[in-house]
Amino acid sequence: MTLSACEGGAGGPATDSAVVARVIDGDTVELEGGERVRYLMVDTPEITSGKHDCFGEEAKALNDDLVTGKTIELSYDVERTDRYGRTLAYVSVDGREVNTILVKRGYACVLYIPPNGEDREIEFLTLQARAMKEGRGMWGTCAEVACAN
């Protein structure tokens, strides 16, 4: 694992930086060294384990374009791992947060699992509502969108 840690300034969250080796799907990446990172607050259509949800390939392709081979910054919330052992994080590349980009462009639904995201739930739901209203991404393409919430 090639993570370099920095402590957030003025009480801000701790962050790490790492290089993305490959994209698993629209909301999960594998870092150089094998660590898997699951994006906080988002859920993209499934394309793993034999599933082929509408807009899943497009979500993976956007994620791939944004992060593969690039150094990303990971910011954490209350819980840093999920039940599958993946790191949970907000992921930024070139100063842009991938989590919000996915929701804003209609490639992801909001997935709020407390205690993570408590302070950002309204922000993400607002981005999702706007994407839905404007028919962006899956909201204008898929007959049905199965969001977890």
Side-chain angles (χ1 to χ4, degrees), residues 3 8 12-149:
L3 292 176
T15 61
D16 289 319
S17 61
V19 176
V20 175
R22 72 182 183 107
V23 166
I24 307 297
D25 59 20
D27 53 38
T28 308
V29 296
E30 186 175 296
L31 305 177
E32 288 182 349
E35 180 181 1
R36 288 196 177 188
V37 176
R38 173 69 166 78
Y39 299 168
L40 284 169
M41 294 296 295
V42 299
D43 188 31
T44 60
E46 295 298 323
I47 58 168
T48 58
S49 302
K51 295 182 182 176
H52 297 283
D53 291 348
C54 180
F55 229 72
E57 289 296 335
E58 291 85 347
K60 180 182 179 183
L62 176 60
N63 195 19
D64 191 48
D65 288 345
L66 291 170
V67 301
T68 298
K70 296 180 181 172
T71 299
I72 60 170
E73 299 296 320
L74 297 101
S75 299
Y76 309 103
D77 211 316
V78 178
E79 293 179 350
R80 288 180 66 155
T81 57
D82 67 9
R83 64 182 176 200
Y84 305 107
R86 299 174 297 188
T87 297
L88 300 171
Y90 296 104
V91 173
S92 296
V93 63
D94 299 327
R96 301 180 321 155
E97 187 181 87
V98 177
N99 310 54
T100 53
I101 290 170
L102 290 167
V103 175
K104 186 185 298 187
R105 294 188 185 176
Y107 287 72
C109 296
V110 174
L111 179 61
Y112 171 56
I113 302 174
N116 289 337
E118 186 175 342
D119 58 339
R120 298 196 63 192
E121 180 183 18
I122 293 171
E123 170 193 358
F124 275 84
L125 288 172
T126 300
L127 292 172
Q128 178 177 285
R130 189 172 303 134
M132 291 170 74
K133 181 180 179 185
E134 296 175 4
R136 292 187 199 152
M138 64 185 168
W139 305 112
T141 303
C142 303
E144 285 189 34
V145 175
C147 290
N149 54 346

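- Judged by distance alone, the side chain of Asp64 and the main-chain N or O of Val23 form no donor-acceptor pair under 3.5 Å.
- Atoms CG and OG1, on Asp16 and Thr87 in that order, are 8.5 Å from each other to the nearest 0.5 Å.
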Practice prompt. Go through the steps for Val91 and Val29 under the test side-chain contact (heavy atoms from CB on, under 4.5 Å), then give the verdict.
Written response: CA-CA 10 Å; Val91 173; Val29 296; 5.6 Å; no
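- The two residues Thr44 and Ala108 make their nearest non-hydrogen contact at CG2-CB, 3.7 Å.
- Taking the charged nitrogens against the carboxylate oxygens, Lys70 and Asp65 have no contact shorter than 4.0 Å, which rules out a salt bridge.
- Contact between Asn99 and Val42 at its shortest, heavy atoms only, is O-CG1, 3.3 Å.
- Asp43 is listed as a side-chain neighbour of Arg38, based on a closest heavy-atom distance under 4.5 Å.
- Applying the side chain to side chain donor-acceptor pair (under 3.5 Å) test to Ser92 and every residue at least two apart in sequence or in another chain returns nothing.
- The shortest heavy-atom contact between Val37 and Ala89 is CG1-CB, 4.1 Å.
- Separation of atoms CG (Leu125) and SG (Cys109) is listed at 10.5 Å; rounding is to 0.5 Å.
- The side chain to side chain donor-acceptor pair (under 3.5 Å) search around Glu134 returns Arg136, not counting sequence neighbours.
- Every residue meeting the salt bridge (charged side-chain N to carboxylate O under 4.0 Å, His left out) condition with Asp82, not counting sequence neighbours, appears here in chain and number order: Arg86.
- Scored by the side chain to side chain contact (heavy atoms under 4.5 Å, CB included) test, Arg96 finds Leu66, Ile101, Arg105 as partners (sequence neighbours excluded).
- For Thr100, the side chain to side chain contact (heavy atoms under 4.5 Å, CB included) partners at least two apart in sequence or on another chain are Glu97, Arg120, Glu123, Phe124, Leu127.
- Applying the side chain to side chain contact (heavy atoms under 4.5 Å, CB included) rule to Val78 yields the partners Pro115, Asn116; only residues at least two apart in sequence or on another chain are considered.
- Separating the CG atom in Leu102 from the CD atom in Gln128 is a distance of 12.0 Å, to the nearest 0.5 Å.
- Atom CD of Glu121 and atom CD1 of Ile113 lie 11.5 Å apart (nearest 0.5 Å).
- Here Asp77 pairs with Tyr90 under the side chain to side chain donor-acceptor pair (under 3.5 Å) rule; sequence neighbours left out.
- Just one residue in the list Val98, Val20, Val19, Asp94 forms a side-chain contact (heavy atoms from CB on, under 4.5 Å) with Ile72, and that residue is Val20.
- Under the rule for a side chain to side chain donor-acceptor pair (under 3.5 Å), the partners of Asp25 that lie at least two apart in sequence or sit in another chain are Thr28.
- The neighbour count for Arg130 CZ, taken as heavy atoms of other residues, nucleotides or ligands under 6.0 Å away, does not exceed 12.
- The nearest pair of heavy atoms linking Ala21 to Thr68 is O-CG2, 4.2 Å.
- Arg36 meets the salt bridge (charged side-chain N to carboxylate O under 4.0 Å, His left out) test with Glu30; sequence neighbours excluded.
- Annotation: side chain to side chain contact (heavy atoms under 4.5 Å, CB included) contacts of Thr81 (sequence neighbours excluded): none.
- Applying the side-chain hydrogen bond (donor to acceptor under 3.5 Å, both in side chains) test to residues at least two apart or on different chains, the pairs with a partner in residues 54-63 are Tyr39-Asn63.
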Which donor-acceptor pairs under 3.5 Å do the side chains of residues 137-145 make with protein atoms, sequence neighbours left out?
unit_1, atom_1, unit_2, atom_2, d
Thr141, OG1, Gly137, O, 3.0

